[in-house]
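Taking it in order: structure first as C-alpha cells, then the write-up.
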Amino acid sequence: MTRSLTPRWYSPAEVAVLLGFGISKVKMKIATGELRSIKDGKYRRILPEWVDDYIRDQIERQEAA
C-alpha cells in the first residue's frame, strides 16, 4: 500500500517550477514582499496558500488595469 504525501510547504526552487519562473525571479518576489515566505533555520519556505495568494493578487492586478 503506497500513500502519496502532499507537501505542507515548498522551497523557492519548487515554487519556481510551479509558477514556471526562474529561481532568481522567485527570490526577487520574496525580497520585494510580493510572495510571502518564512525562514526555517537556514531554509526559506513558502506555504501552498501563499502561492495561491500570489496568483490571486496577480489576477486581481490584471483585471483592475
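Distance CG/Asp53 to CZ/Arg36: 8.0 Å, rounded to 0.5 Å. Between the OH atom of Tyr10 and the CH2 atom of Trp50 there is a distance of 13.0 Å, given to the nearest 0.5 Å. Atom-to-atom distance recorded for Ile38:CD1 and Leu47:CG is 6.0 Å, nearest 0.5 angstrom. Residue Met28 holds its CE atom at 12.0 Å from CD1 of Ile23, rounded to the nearest 0.5 Å.
Judged as a side chain to side chain donor-acceptor pair (under 3.5 Å), and not counting sequence neighbours, Arg8 has no contacts. Taking Arg61 as the reference, Glu34, Gln58 meet the side chain to side chain contact (heavy atoms under 4.5 Å, CB included) condition, with sequence neighbours excluded. Applying the salt bridge (charged side-chain N to carboxylate O under 4.0 Å, His left out) rule to Asp57 yields no partners; only residues at least two apart in sequence or on another chain are considered. Contacts of Leu19 classified as side chain to side chain contact (heavy atoms under 4.5 Å, CB included), with partners at least two apart in sequence or in another chain: Val15, Phe21, Val51, Tyr54, Ile55.
A donor-acceptor distance shorter than 3.5 angstrom exists from the side chain of Glu14 to the backbone of Ser11, with no hydrogens or angles considered.
Considering every non-hydrogen atom in both Ile30 and Pro12, the closest pair reads CD1-CG, 4.2 Å. Taking all atoms of both residues into account, the shortest heavy-atom contact from Pro48 to Pro7 is CG-O, 4.1 Å.
Applying the side-chain hydrogen bond (donor to acceptor under 3.5 Å, both in side chains) definition to pairs two or more places apart or across chains, those involving residues 37-47 are Ser37-Arg44.
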